[in-house]
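Working notes, beginning with the structure itself.
Chain letters run A, B, ... following the sequence lines, proteins first, then strands; residues in each count from 1.
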2 protein chains.
Amino acid sequence: MQEKELVQLFQLFQKYTVLSKKAEEAIAAICSPITIKKNKDLQPIGHTCKTIYFINKGIARIYYFKDGIDITENFFFENSVIARVESLFTGKPSRKAIQALEDAEIVGINANQLFKLYDSFPEIERLFRKIFEAAYVETVHRIEGIQFHTAEERYKALLQEAPDILKRVPLKYVASYLGITQVSLSRIRGLK
Amino acid sequence: MQEKELVQLFQLFQKYTVLSKKAEEAIAAICSPITIKKNKDLQPIGHTCKTIYFINKGIARIYYFKDGIDITENFFFENSVIARVESLFTGKPSRKAIQALEDAEIVGINANQLFKLYDSFPEIERLFRKIFEAAYVETVHRIEGIQFHTAEERYKALLQEAPDILKRVPLKYVASYLGITQVSLSRIRGLK
DNA sequence: GTGATTATTTATCATATGATAAATGAATAG
DNA sequence: CTATTCATTTATCATATGATAAATAATCAC
């Protein structure tokens, strides 16, 4: 894969660890560029997650259906890693999909090949261990944010922490992310 | 540390990977036995998490205070690993405490020493990577369980998935774990 | 065992959010 | 540009849950 398209990804890596040249090359060899149009699924529901994604440009979300209702689990912006970990780490099919919310440029990392690299490059295993540890910590914070906060508090927190989401993402997706209906979100936004 | 007290821990390890004898010894060398009385804190609020715990016997919970209210983040039973990951993985002090809910027998694993072992034993790094990946997956499921379920549904799901919690843990702790008040939980239990 | 503390239930009232429907506004295809 | 679809807001009503208080029940210290 072209070096130009991997600049941002390797910059992210540097936050966690310094990779040897060989390790960088090994990773570059299992990366593929993906361009995807707004509203298209990057990965459909039912597929086992065998790719870890990195966003160079655009926004994506993980979503699933509960009783026929579309629920957004999470949003992902530029320079973040996306994976449906409940599938990636278990080998089971995922009930979730990944969708681009803007025209996006993405790097796909082949997970099986990555896991093989772990054997010959402990530094790569360490890098991804740290990446997912950080994602795990974020998920724990998310639970705190949900437990014992009203919808209004959650909305205001989002407004503080990630105002971009509200600017770039349809509110209907934000609503389910906050655990409320679209109509409730609209009402809350209308307050004051 | 005595082998007898490490039997359960090593059994857990076997679910993830087969450790070399040397690796097992290295881990045993950084483990300490802990006995703690019911309702005592294993780790207080404000401490940076430098120990990973494993429960041989008893129950524990992670809790914190939000606006002066005691909130249970999670329960832990026999044969499970406890860590305040938001502190362990960031090095920041934790706003959460770990408390024994029954007289408990616990193994403490020194985290700093463990992380040093990662350098000489990639197999140990891999083991704990997998352990925390599994915990991460559980946390993701937890979010699904919270988003878009009524309190009653969450209670019934708990009754299905972990009836032990309701038998062995005071309901006031269960209530905040479910994200509701103790009074609401009592009302829900009274239904039908 | 007895009294004191703590946990749980029950009751009442207030309120936030859901469900539904309809109106308005924005985006998209042709 | 226009028509059609889709997203958002507004309104009304129903209901689940919170807040508070009080009554029981269970647990614990001595």
Interface with DNA chain C, restricted to residues 160-179 of chain B and to heavy atoms under 4.0 Å: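 Correct list: Pro170(B), Leu171(B), Lys172(B).
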Could you check which of dT8(D), dT17(C), dT17(D) has an atom nearest any side-chain atom of Ile180(B)?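 Comparing dT8(D), dT17(C), dT17(D) against the side chain of Ile180(B), the answer is dT17(D).
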Taking the minimum atom-to-atom distance to the side chain of Thr150(A), which one of dT17(C), dT17(D), dT8(D) wins?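 For the Thr150(A) side chain, the nearest candidate turns out to be dT17(C).
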Strictly below 4.0 Å, N to O, side chains only: are Lys21(A) and Glu25(A) in salt-bridge contact?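 Answer for the salt bridge query: no.
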Residues Glu153(A) and Lys66(B) bridged, charged N to O under 4.0 Å: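 Between Lys66(B) and Glu153(A) there is no salt bridge, as every charged N stays at least 4.0 Å from the carboxylate O atoms.
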Atom pairs under 3.5 Å: protein N/O with N/O of nucleotides 19-25 of chain D:
none

Atom pair distance, as rounded to whole Å: [atom1] in [X] and [atom2] in [N]:
| X | N | atom1 | atom2 | answer |
| --- | --- | --- | --- | --- |
| Asp67(B) | dG18(D) | CG | P | 14 Å |
| Leu191(B) | dT9(C) | CG | C1' | 13 Å |
| Ile188(A) | dA16(C) | CD1 | C1' | 8 Å |
| Leu185(A) | dG18(C) | CG | C1' | 14 Å |
| Glu102(A) | dT28(C) | CD | P | 12 Å |
| Leu101(B) | dT27(D) | CG | P | 15 Å |
| Asn39(A) | dA27(C) | CG | C1' | 11 Å |
| Asp70(A) | dA7(D) | CG | P | 10 Å |

Pro44(A): side-chain contact (heavy atoms from CB on, under 4.5 Å) partners, not counting sequence neighbours: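 Expected list: His47(A).
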Any residue meeting side-chain contact (heavy atoms from CB on, under 4.5 Å) with Lys92(B), in chain and number order, not counting sequence neighbours: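 Lys92(B) satisfies side-chain contact (heavy atoms from CB on, under 4.5 Å) with Thr90(B) only.
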Minimal non-hydrogen separation, Ala100(A) against Ile36(A), with atom names: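 For Ala100(A) versus Ile36(A), the nearest heavy atoms are CB-CG2, 3.7 Å.
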Taking the six-membered ring of Tyr173(A), is NZ or CZ of Arg61(A) closer than 6.0 Å to its centre and within 45° of its axis?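 So Arg61(A) does make the cation-pi contact.
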Cation-pi check for Tyr118(B) against Arg126(A): NZ or CZ below 6.0 Å from the six-membered ring centre and within 45 degrees of the axis, yes or no?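 No, Arg126(A) does not sit over the ring of Tyr118(B).
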Determine whether more than 12 heavy atoms belonging to other residues, nucleotides or ligands lie under 6.0 Å from atom CD of Gln113(A).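 Counting neighbours around CD of Gln113(A), more than 12 heavy atoms of other residues, nucleotides or ligands fall under 6.0 Å, so yes.
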Return the orientation label for the Phe128(A) and Phe13(A) ring planes: parallel under 30°, perpendicular over 60°, tilted otherwise.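 Ring orientation, 0 to 90° scale: perpendicular.
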Taking the inter-plane angle between the rings of Phe89(A) and Phe132(A) on a 0 to 90° scale, is it parallel (under 30°), tilted (30 to 60°) or perpendicular (over 60°)?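 It falls in the perpendicular class, over 60°.
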When the axes are fitted on five pairs at both termini, how much does the helix from dG1(C)-dC30(D) to dG30(C)-dC1(D) curve, in 10° steps?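 Inter-axis angle at the ends, rounded: 60°.
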Is Ser184(A) close enough to dT17(C) that one of its side-chain N or O atoms is under 4.0 Å from OP1 or OP2 there?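 So the side-chain polar atoms of Ser184(A) never come under 4.0 Å of the phosphate oxygens OP1 or OP2 of dT17(C).
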Would you say dC28(D) has OP1 or OP2 under 4.0 Å from some side-chain N or O of Lys38(B)?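 For Lys38(B), the contact criterion (side-chain N or O under 4.0 Å from OP1 or OP2 of dC28(D)) is met.
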How would you list all residue pairs meeting side-chain hydrogen bond (donor to acceptor under 3.5 Å, both in side chains) that involve residues 49-59 of chain B, not counting sequence neighbours?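 Checked against side-chain hydrogen bond (donor to acceptor under 3.5 Å, both in side chains) - neighbours excluded - the pairs reaching residues 49-59 of chain B are Gln43(B)-Tyr53(B).
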From CA spacing to verdict: salt bridge (charged side-chain N to carboxylate O under 4.0 Å, His left out), Glu125(A), Arg129(A): CA-CA 6 Å; Glu125(A) 180 162 11; Arg129(A) 167 173 69 77; over 6 Å; no
